[in-house]
Amino acid sequence: MRRERLIFFRRNKMEKNEKLAMIRHSMAHVMAEAVLEMFPTAQIAIGPSIENGFYYDFDLPRSLTEQDLEEITERMKNIIKSDRTFKRSVVSREEAKEIFKDQKYKLELIDSIPEGEEVSLYNQGAFTDLCRGPHVASTKDLNADAFKLLSVAGAYWRGDEKRPMLQRIYATAWETPKELRLYLDHLADIEKRDHRKLGKELDLFSLHEEAGPGLVYWHPRGARIRQIIEDFWRKEHYENGYEMVYTPHVGKSWLWETSGHLGFYKDSMYPPMEMDNMDYYTKPMNCPFHIMIYKNSKKSYRDLPCRWAELGTVYRYEKAGALHGLMRVRGFTQDDAHLFVTPDQMEDEIIEVLRFSLHMLHSFGFNEIHAYISTKPEKSVGDVEKWDAATEALKKAVEKEGLKYDIDEGGGAFYGPKIDLKIKDAIGREWQLSTVQFDFNLPERFGLTFVDKDGVEKQPYMIHRALLGSIERFFGVLLEHYAGAFPPWLSPEQIAIIPVAEVANDYAKELEKRLKKDGLRVVSDLSNERMNAKIRKAQQMKIPYMLIIGEKEMNNNTVSVRYRNGKQEFGLSYDDFVASVKAKVESKEQL
RNA sequence: GCCAAAGUAGCUCAGUGGUAGAGCAGCUCACUCGUAAUGAGCAGGUCGCGGGUUCAAUUCCCAUCUUUGGCUCCA
């Protein structure tokens, strides 16, 4: 019964998506018509429907402004209201070329339509577009109040940076104004959760253009959260069979020549520092360093698996336009580990890494997880058998954990297959965090070996893995996931003590001392402010517990608690309060 | 890197061809307060950096750095 309903619901959802795609694509045509009204010489490129809306690319005599978007919107509304039908017609290539003889991008598109496929046009009113369709029947199927032009952006023709830069207008479109409003609310929510904004408001971190873009400064409150994350991370790693290592931040070019990074990756590395006629590079990855440790002594099969973890800070020269808050930076700390394993151990190790990954992600409150397996690309190193065995191990592990997964055929790196895990955050956005990658390249290049039972030297499998990705990015994701209201175990300050008036200051200090001794993170606000102002401040810093204390609490030796969500409790004993906070911290639950 | 927009006090932002203004934050003083902002006063800026035009530039122009939105969605 339920199953049937589910299927029905799914079918409905699919139909809805198709309908929306039709609406959006039709809207794109309407927008193109409006733009052509304003700029008769405009060259039009393509205008597909996309997630949540549509866009259209134009080559225009001048750049668009905000005012232009308003005018285009008005013109679109008029077009929609004039009730034009979308008429489909099929023409020959020659006819199509004649119709679009002034539209160079369309001409190029016509030439790219495979032989044997028909060339169709859609026409509404004065506007005809080369288009595969489908479209709604008429503009009256579009709602003039259910779309919004969002932004203008540059976009290369066909996504190729060597081709002309076009102006792309992004828009969102829905069936009803209500759906539009919900979507706009969602966008506002995203803005409110923006980690760059929260980072400033909660005094967690900063970036300084004058000191180097894309490099992160962790403030005391942010550093505290980071330290909690790292402490937890280390403890879990020791418990799960890893050893910690530390490696240098720079290394001679020999390392990067051998690893191949200087060949493939040079543009993303910080330029070399010359010393004693030798080039040194800051590290863009930790792998070669861990390999040096491996190579330091002859390894027996008895030594494997080696599981070596490091919170390794690396530097990569990301393109200027790619930098984004904490999500894309130039210096970051990978929660890296490398596993050197025998072929026999590979499968169990992968299963274990995946299990461990999920455990870590769950601990931080991410419960919806999707796996993506990427397989062998055209160009690759390593034997086919190795690729097959490794890919099989990845699949087995994912299946064993009961994860939903997609396969990206040919999407692996040239050096090995991988699994990426993406989590869904509190408002449904996906973020890639964990990655587990085989590497058939580095063991070869560095000549890694181990002596097997039969006394023969063999090559170990090498696995790179990062569970959180980078600490910076992970922190950004966490911040947006919780909208800054961290669960007590991660809160930089768990408790704010707020005396009602100065008389309670001594009691506040005493409480602070006791709570700190009990292992909790506390601040007391002894400033000359009013109680209400102090509460407001603590509330804005999203501190989960506030202890409001005055004469009553002092005389009865109790505390009154105000929770971040506004709930209040009066006259709690100290011990009861501490026990309840500790229980929350222990369980890692949100308040 | 490319297209577009932006850069003014610690933060959020206003403003002008005649060298700047608000709110919050900060500091000082008074108030000693019971669950989201007590009041008054003070202080704070080479208007991103460099050049040009001008009697005069924060304002106009050029260059540069940085930030933001994009540059993956394929007729």
Side-chain angles (χ1 to χ4, degrees), chain A residues 21 24-25 28-29 32 44-57 59-60 62-66 68 96 100 103 105-114 117-122 129-133 150-170 194 196-197 200-201 203 206-214 267 317-325 496 498-505 527-541 546-553 560-564 566-570:
Chain A
R24 287 165 182 164
H25 191 48
H29 281 218
I44 59 175
I46 57 167
S49 87
I50 54 174
E51 204 185 344
N52 303 321
F54 62 93
Y55 69 76
Y56 212 113
D57 287 345
D59 198 341
L60 300 174
R62 63 168 174 85
S63 339
L64 292 169
T65 63
E66 286 293 315
D68 292 331
F100 293 107
Q103 289 290 345
Y105 300 107
K106 293 293 174 190
L107 289 174
E108 192 177 327
L109 289 171
I110 292 167
D111 282 332
S112 71
I113 297 173
E117 212 170 285
E118 60 183 20
V119 176
S120 58
L121 307 178
Y122 274 83
D129 202 355
L130 177 73
C131 180
R132 186 187 285 147
L150 297 175
S151 62
V152 184
Y156 296 104
W157 168 234
R158 305 232 124 177
D160 182 347
E161 54 184 293
K162 291 183 191 70
R163 318 245 3 217
M165 172 75 66
L166 307 173
Q167 294 190 66
R168 173 173 298 179
I169 304 178
Y170 278 100
D194 191 320
R196 293 166 300 183
K197 191 168 145 188
K200 232 179 236 176
E201 286 169 3
D203 195 14
S206 55
L207 296 141
H208 300 270
E209 50 178 272
E210 67 275 38
D267 289 347
Y317 203 82
E318 296 289 346
K319 285 200 264 180
L323 298 179
H324 178 86
I498 298 174
V500 172
E502 213 174 308
V503 276
N505 279 6
S527 67
N528 204 11
E529 294 284 353
R530 266 148 217 260
M531 178 200 64
N532 277 329
K534 294 180 185 179
I535 290 175
R536 186 178 140 87
K537 222 179 237 172
Q539 201 72 56
Q540 282 175 332
M541 293 315 261
M546 280 155 262
L547 294 184
I548 315 287
I549 54 167
E551 270 180 277
K552 274 182 238 161
E553 288 75 17
S560 290
V561 188
R562 182 192 162 93
Y563 298 90
R564 186 165 56 195
K567 265 201 315 200
Q568 298 167 29
E569 268 185 274
F570 300 93

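Side chains included, hydrogens not; waters and symmetry mates left out as well; all remaining heavy atoms used. Per chain, numbering begins at 1; letters A, B, ... match sequence-line order.
Going from the P atom of B:rG17 to that of B:rG21 covers 16 Å, rounded to whole Å. Taking the P atoms as reference points, B:rA9 lies 14 Å from B:rA20, given to the whole Å. Taking atom P on both B:rG18 and B:rU58, the two are 11 Å apart, rounded to the nearest angstrom. Using atom P as the reference point in both B:rG39 and B:rU68, the two lie 36 Å apart (nearest Å). Using atom C1' as the reference point in both B:rG44 and B:rU8, the two lie 14 Å apart (nearest Å). Nucleotides B:rU53 and B:rA6 place their C1' atoms 24 Å apart, quoted to the nearest Å. Rounded to the nearest Å, the gap between the C1' atom of B:rC49 and that of B:rG7 is 11 Å.
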Bracket notation of RNA chain B in which parentheses pair within the strand, [ ] cross earlier pairs, and | pairs with another strand (Watson-Crick or G-U, under 3.5 Å): (((((((..((((....[..)))).(((((.......))))).....(.(((..]....))).))))))))....

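The distance from atom CD of A:E51 to atom C1' of B:rC74 is 16 Å, rounded to the nearest whole Å. When the C1' atom of B:rA36 is taken as reference, atom CD of A:Q568 falls 11 Å away, rounded to whole Å. Taking atom OH on A:Y122 and atom C1' on B:rC74, their separation rounds to 16 Å, with Å as the unit. Here B:rU35 presents its P atom at 12 Å from CD1 of A:I498, a figure rounded to the nearest Å. Look at CD on A:Q539: it is 6 Å from C1' on B:rA36, rounded to the nearest Å. For the pair A:D57 CG and B:rA4 C1', the computed distance is 14 Å after rounding to whole Å. Separating the CG atom of A:L207 from the C1' atom of B:rU68 is a distance of 13 Å, rounded to the nearest angstrom. To the nearest angstrom, P of B:rU38 lies 11 Å from CD1 of A:I535.
In this structure, the side chains of A:C131 and A:H29 come closer than 4.5 Å at one or more pairs of heavy atoms. No side-chain heavy atom of A:I549 sits under 4.5 Å from any side-chain heavy atom of A:V500. A heavy-atom distance below 4.5 Å is not found between the side chains of A:D57 and A:Y105.
With sequence neighbours left out, A:E529 forms a salt bridge (Lys or Arg N to Asp or Glu O under 4.0 Å) with no residue at all. Taking the ring-ring contact (aromatic ring centres under 6.0 Å, His included) definition, one finds that A:Y563 meets it with A:Y545, sequence neighbours left out. Residues satisfying the side-chain contact (heavy atoms from CB on, under 4.5 Å) test with A:A28, not counting sequence neighbours, are A:F54, A:Y56. Taking the ring-ring contact (aromatic ring centres under 6.0 Å, His included) definition, one finds that A:F100 meets it with nothing, sequence neighbours left out. For A:R564, the side-chain contact (heavy atoms from CB on, under 4.5 Å) partners are A:A485, A:S491, A:Q539, A:K542, A:P544, A:Q590, A:L591, not counting sequence neighbours. With sequence neighbours excluded, no residue satisfies ring-ring contact (aromatic ring centres under 6.0 Å, His included) with A:Y156.
Annotation: salt bridge (Lys or Arg N to Asp or Glu O under 4.0 Å) contacts involving residues 157-166 of chain A, sequence neighbours excluded, comprise A:E108-A:R163.
Applying the 4.0 Å criterion to OP1 and OP2 of B:rU67, one finds that A:H324 has every side-chain N and O outside that range. The side chain of A:S63 places an N or O atom within less than 4.0 Å of a non-bridging phosphate oxygen (OP1 or OP2) of B:rA4. For the OP1/OP2 pair of B:rC71 and a distance below 4.0 Å, the side-chain nitrogens and oxygens of A:Y170 include at least one atom meeting the criterion.
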Under 4.0 Å protein heavy-atom contacts per nucleotide of nucleotides 28-34 of chain B, with B for base, S for backbone only and - for none: --BBBBB

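Nucleic acid contact class of A:R158 (heavy atoms, under 4.0 Å, all strands): base. Within 4.0 Å (heavy atoms only), A:E118 reaches at least one base atom of the nucleic acid. Looking at heavy-atom distances under 4.0 Å, A:G53 makes no contact with the nucleic acid at all. Counting any heavy atom pair closer than 4.0 Å across all strands shown, A:A155 reaches sugar-phosphate atoms only and no base atom. No engagement by A:E318 is indicated, since no non-hydrogen atom pair under 4.0 Å with the nucleic acid exists. Across all strands shown, A:L323 has heavy atoms under 4.0 Å from sugar-phosphate atoms exclusively, and none from any base.
Residue A:Q540 has its side chain nearest to B:rA36 when only B:rU66, B:rC74, B:rA36 are considered.
Nearest heavy-atom pair, A:R562 versus A:I535, reported as atom, atom and distance to 0.1 Å: NE-CG2, 3.6 Å. Between A:V119 and A:A96, the shortest heavy-atom contact is CG1-CB, 3.8 Å. Scanning both residues, A:G550 and A:A504, for their nearest heavy atoms gives CA-CB, 4.1 Å. Closest approach of A:G214 to A:L207, counting heavy atoms only: C-CD2, 4.1 Å. In terms of heavy-atom proximity, A:P499 sits nearest to A:N505 at CG-OD1, 3.3 Å. Considering all non-hydrogen atoms of both residues, A:Q103 and A:I44 come closest at OE1-N, 2.8 Å.
Residues from residues 160-169 of chain A with heavy atoms under 4.0 angstrom of RNA chain B, sorted by number: A:M165, A:R168.
Nucleotides of RNA chain B nearest to A:E569 and A:I50 differ in position, and the one nearer the 5' end is that of A:E569.
Within 6.0 Å of CD in A:E51 there are 12 or fewer heavy atoms belonging to other residues, nucleotides or ligands.
Looking at A:D129 and A:K106, a side-chain N of the basic residue comes within less than 4.0 Å of a carboxylate O on the acidic one, giving a salt bridge.
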Which atoms of nucleotides 8-15 of chain B (N or O only) lie under 3.5 Å from a protein N or O atom, and what are those distances?
from, atom 1, to, atom 2, distance (Å)
B:rU12, OP1, A:K200, NZ, 2.9

For nucleotides 59-61 of chain B, which of its nitrogen or oxygen atoms have a protein nitrogen or oxygen under 3.5 Å away, and what is each distance?
none

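A:R562 contributes a side-chain N or O that forms a donor-acceptor pair with the base of B:rA36 under 3.5 Å. For B:rG70, its base never sits under 3.5 Å from the side chain of A:Y55 at any donor and acceptor pair.
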Test log, rule salt bridge (charged side-chain N to carboxylate O under 4.0 Å, His left out), inputs A:D194 and A:K200: CA-CA 10 Å; A:D194 191 320; A:K200 232 179 236 176; over 6 Å; no

